[in-house]
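Everything below concerns the one structure shown next.
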Amino acid sequence: MRIDLHCHSTASDGTDTPAELMRNAAAAGLDVVALTDHDTTRGYAEAIAALPAGLTLVPGAELSCRVDGVSMHMLAYLFDPEEPALLAERELVRDDRVPRAKGMVAKLNELGVPVTWEQVERIAAGGSVGRPHVASALVELGVVETVSDAFTEEWLADGGRAYVAKHETDPFEAIRLVKTAGGVCVFAHPAAAKRGRTVPESAIAEMAAAGLDGIEVDHMDHDAEARERLRGLAKDLGLLVTGSSDYHGSRKTVALGAYTTDPEVYGEITRRATGAFPVPGAGGA
Ligand code: AMP
Ligand code: FE
Ligand code: FE
Ligand code: ZN
């Protein structure tokens, strides 16, 4: 069983449509794929409609959070997408992404970069708008060579010259909301230091006590030492350990299934969830 629990589509900052993502996941030999777009469930319907036989979809989302001034991402799986409180919080974060992106465009204009909101809006194409879309605009304009090159102090990195913060949920509130909606919470790439400051272990322990289910350990942004440390932490705190590609299509170089989750952990996630079920592909098989 090959299980990839963290992937993005054009519903947020990935470049595969949800349908393309499902086809590519099957082609990559995956048995289970989670759709975890930033702060949205908008891709679900298209993904389900396109699901090939032999592939199971885990509906999810990656929630933008912040604790003690540190931004972090919380993966939420198998929650009820219509549960009103969590739905309202997703909308709040997603809606704030628009003025925030316009703010980054304004800062870039002040820095002499002729990027426009219309350009960013076209690139985002209705998806949850984020820095990678602004980064793609900078690539189009020839300001940087790759999306990753835009995530520096000079441009869009946390605290960078053109960075603007957005509304982000307190992770303890996110855990409460996801649990109320019957979902399971996994702290995404907790040791991804190159993205900025990381959350201290003491705070992860508090989250574990507040109902956090697991931490993502096998991720491209974690080196061998970070993975060892996180595995130890998970053991101490009784947390599940996941692995995933955090696939973003052509906006990142990582391939689908580059990192995977143990089938036993996946089984435990599905047993804990009460808000939704994994969707097996019918696909005319
Ligand atoms: P936002 O949610 O708009 O603040 O943007 C955060 C997203 O930017 C992350 O989810 C990643 O998709 C992307 N990102 C963050 N750091 C990098 C990086 N160094 N290179 C490429 N993409 C990145
Ligand atoms: Fe992303
Ligand atoms: Fe993330
Ligand atoms: Zn992600």
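Everything numeric in this text was worked out from a predicted model, so none of it was measured. Counting starts at 1 for both ligands and their atoms, following the listed order. Computed from heavy atoms alone, side chains included, the values below leave out hydrogens, waters and symmetry copies.
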Q. Hey, which N, O or S atom on Asp13 ends up closest to the Fe ion (ligand 2)?
A. OD2
Q. Rounded to the nearest 0.5 Å, how far does CD1 of Ile204 lie from CG of Leu212?
A.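 Here the interatomic distance stands at 8.0 Å.
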Q.
To the nearest 0.5 Å, what is the distance between NE2 on His189 and CG on Asp218?
A.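 One gets 14.0 Å once the value is rounded to the nearest 0.5 Å.
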Looking only at the side chains, is there a donor atom on one of [X] and [Y] sitting less than 3.5 Å from an acceptor on the other?
X	Y	result
Arg66	Thr169	no
His167	Glu89	yes
Asp39	Ser128	no
Asp149	Thr146	yes

Q. Going by the ring-ring contact (aromatic ring centres under 6.0 Å, His included) test, which pairs reach into residues 121-156, not counting sequence neighbours?
A. none
(Q) Closer than 2.8 Å to the Zn ion (ligand 4): how many protein N, O or S atoms are there? (A)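 For the Zn ion (ligand 4), protein nitrogen, oxygen or sulfur atoms under 2.8 Å: 4.
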Q) Would a distance-only check, ignoring hydrogens and angles, find a side-chain to backbone donor-acceptor pair under 3.5 Å from Arg23 to Ala50? A) no
Q) side-chain hydrogen bond (donor to acceptor under 3.5 Å, both in side chains): which pairs involve residues 236-246, sequence neighbours left out? A)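 Qualifying pairs, neighbours excluded: Asp4-Ser245, His6-Asp246, His8-Asp246, Arg195-Asp246, Glu216-Ser244, His219-Asp246, Asp246-Lys252.
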Q.
If the cut-off is 2.8 Å, does any N/O/S atom of His248 fall short of it from the Fe ion (ligand 2)?
A.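 Within the cut-off used here (under 2.8 Å), His248 does place an N, O or S atom near the Fe ion (ligand 2).
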Q. With under 30° as parallel and over 60° as perpendicular, where do the rings of Tyr44 and Phe79 fit, or are they tilted in between?
A. tilted
Q. Which protein N, O or S atoms lie under 2.8 Å from the Fe ion (ligand 3)?
A.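 Short answer, with waters excluded from the count: Glu62 OE2, His73 ND1, His189 NE2.
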